[in-house]
Amino acid sequence: MRNTNNTYKTQGGDNLVINVKENVPLLEYLINNVSESRSKLKATLQGRGIAVNGRMVTQFDYQLKAGDKITISRHKKQNQFKSRYVKIVYEDRWLIVVEKNIGILSMAAGHSSLNVKSVLDDYFLKSRQKCRAHVVHRLDRDTSGLMVYAKDIDTEQILEHNWHQIVYDRRYVAVVSGEMEQENGTIANWLKDNKAYITYSSPTDNGGKYAVTHFHVLNRTTEHSLVEYKLETGRKNQIRVHSADMGHPVCGDVKYGNGDDPLHRLCLHAYMLCFTHPVTGEPMEFSTPIPTIFRSLF
């Protein structure tokens, strides 16, 4: 392994960790310091197998700074995993981060329901890992985006019981109906389910759970707005209800929407998930691009 820049390297489980000592573009640095071909390194970048300071990076020209830490995933199992509904973004011995497609549940809700947990359990079995996927949080069937699952019960318990302390940034992007008037803002109220399992809001305490959502408009037309939502709380259907409360429901939402369905899907995507690793204490920051189909409207 070449080490032309006096870079200190350590082997962390199945991952190669490199401590950066100079300011240089990422791919150039990797070529000079890792004994793998340029094409293999580019493939690893494109496959989301490289993180800088815990955050996945795919840009070849990402500018490194002295003191940065590069982590290169050595999980060959990831490349063998194929699913139209689930993409592995990151994996270590304690947890796995995935990007879920629309049309699949987070966990089983019936004997034959398609769900991410069973897909991951099958992957663990085939890759001879002695673990199971433990559900920590959920996304609706028709919401796409980032999720984390624990690989053992101890990690699951840490995540579940300390979720609001561990997760420090969680953002969604949505296409909503109509032109949003405000550029930024916050909506807060109490959310509670009725007997038909429809979540409704109240400006005063209705015995439900207090919910806070921050929003920022990224783009708009007279027909639709592209909005980033940052959750301060994570309640059931929170973004969908709060969007409807503002008079701009999420497009394609058959439950809380107004019939506006330009893309023939629920236009809600969990695109950022940042948390402190429950075991190592490292910051873990993941983001996915805003879906191209969302941008097509703008």
Side-chain angles (χ1 to χ4, degrees), residues 5 7-30 33-34 36 41-79 81 86-100 120 133-134 136-137 145-152 154-156 158-160 162-173 228 230-231 234 269-290:
N5 293 302
T7 305
Y8 174 65
K9 299 177 175 68
T10 59
Q11 194 72 28
D14 288 318
N15 297 331
L16 176 68
V17 180
I18 306 174
N19 294 321
V20 178
K21 295 292 181 68
E22 62 177 335
N23 301 342
V24 67
L26 176 58
L27 183 58
E28 179 185 328
Y29 195 82
L30 292 173
N33 288 277
V34 179
E36 288 182 355
L41 289 168
K42 290 179 76 171
T44 305
L45 269 168
Q46 291 172 328
R48 305 181 69 83
I50 293 178
V52 178
N53 302 326
R55 183 168 188 168
M56 294 300 113
V57 173
T58 56
Q59 306 100 295
F60 305 152
D61 57 351
Y62 180 90
Q63 188 63 40
L64 295 171
K65 299 187 293 294
D68 285 347
K69 182 166 70 175
I70 304 171
T71 304
I72 304 176
S73 173
R74 296 300 198 191
H75 273 280
K76 294 182 180 177
K77 304 183 193 81
Q78 291 186 22
N79 299 327
F81 177 80
V86 181
K87 176 182 176 182
I88 296 176
V89 174
Y90 172 84
E91 181 181 6
D92 59 31
R93 59 181 289 190
W94 300 285
L95 54 83
I96 183 166
V97 177
V98 301
E99 182 179 355
K100 153 183 138 45
L120 291 179
H134 297 267
V136 178
H137 64 123
L146 293 166
M147 301 184 68
V148 59
Y149 287 77
K151 293 172 73 171
D152 62 76
D154 291 337
T155 305
E156 184 271 332
I158 296 170
L159 284 166
E160 183 177 334
N162 304 281
W163 181 253
H164 296 295
Q165 291 75 42
I166 285 175
V167 177
Y168 56 88
D169 199 351
R170 192 175 169 200
R171 302 188 196 190
Y172 291 68
V173 64
E228 178 192 80
K230 183 175 181 180
L231 294 183
H269 179 77
Y271 88 108
M272 187 180 293
L273 179 63
C274 304
F275 59 91
T276 304
H277 196 292
V279 178
T280 67
E282 290 183 86
M284 310 295 289
E285 300 189 348
F286 304 97
S287 62
T288 65
I290 294 172

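On a predicted model such as this, the values are computed, not experimentally measured, just so you know. Atom set for the values below is all heavy atoms of this structure, side chains included, hydrogens, waters and symmetry mates excluded.
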Result for side chain to side chain contact (heavy atoms under 4.5 Å, CB included) between L27 and one of L64, I50, L41 points to L41
Apply side-chain contact (heavy atoms from CB on, under 4.5 Å) to H269 and T288, showing your working. CA-CA 9 Å; H269 179 77; T288 65; 2.7 Å; yes
Residues V173 and Y271: closest non-hydrogen pair is N-CD2, 3.8 Å
What are the two closest heavy atoms between Y29 and N19, and how far apart are they? OH-O, 3.9 Å
To the closest 0.5 Å, what do you measure between CD1 (I18) and NZ (K69)? 12.0 Å
Test of understanding: with ring-ring contact (aromatic ring centres under 6.0 Å, His included), list the residues that count as partners of H134, not counting sequence neighbours. none
Are the side chain of H137 and the backbone N or O of V148 linked by a donor-acceptor pair below 3.5 Å? yes
Hey, what's the ring geometry for Y90 with F286, parallel, tilted or perpendicular (30° and 60° as the breaks)? tilted
Rounded to the nearest 0.5 Å, what separates atom CE in M272 from atom CZ in R171? 5.0 Å
Taking it one step at a time, do R93 and K151 satisfy side-chain contact (heavy atoms from CB on, under 4.5 Å)? CA-CA 7 Å; R93 59 181 289 190; K151 293 172 73 171; 5.6 Å; no
Which heavy atom of K65 sits nearest to which heavy atom of N23, and what is that distance? CA-OD1, 3.1 Å
Anything under 3.5 Å between a donor and an acceptor, one on a side chain of residues 54-61, the other on a protein residue two or more places apart or in another chain? List them.
none

What do the steps show when you test L95 against F275 for side-chain contact (heavy atoms from CB on, under 4.5 Å), and what is the final call? CA-CA 12 Å; L95 54 83; F275 59 91; 4.0 Å; yes
Point-to-point distance, once rounded to the nearest 0.5 Å, from CG of N33 to CD of E28: 10.0 Å
Short question: side chain of N162, backbone of Q165 - any donor-acceptor pair under 3.5 Å? no
Could you give me the CA-CA distance, side-chain angles and deciding distance for Y149 and E91, then say whether side chain to side chain donor-acceptor pair (under 3.5 Å) is met? CA-CA 10 Å; Y149 287 77; E91 181 181 6; over 6 Å; no
Closest heavy-atom pair and its distance - I158, I166: O-CD1, 3.6 Å
Side-chain contact, heavy-atom cut-off 4.5 Å: L30 with I72? yes
Looking at every non-hydrogen atom in both residues, tell me the closest pair between G67 and N53 and how far apart they are. O-OD1, 4.5 Å
From L16 atom CG to I70 atom CD1, the distance as rounded to the nearest 0.5 Å: 9.0 Å
Close side-chain approach of M284 and C274, heavy atoms under 4.5 Å: no
Rounded to the nearest 0.5 angstrom, the CD-CG distance for Q63 and D68 is 9.5 Å
CD1-OH distance between I290 and Y172, expressed to the nearest 0.5 angstrom: 15.0 Å
When every non-hydrogen atom of T280 is compared with those of W94, the smallest separation belongs to CG2-CZ3, 3.6 Å
Test L26 against L45 for side-chain contact (heavy atoms from CB on, under 4.5 Å), laying out the working first. CA-CA 10 Å; L26 176 58; L45 269 168; 3.6 Å; yes
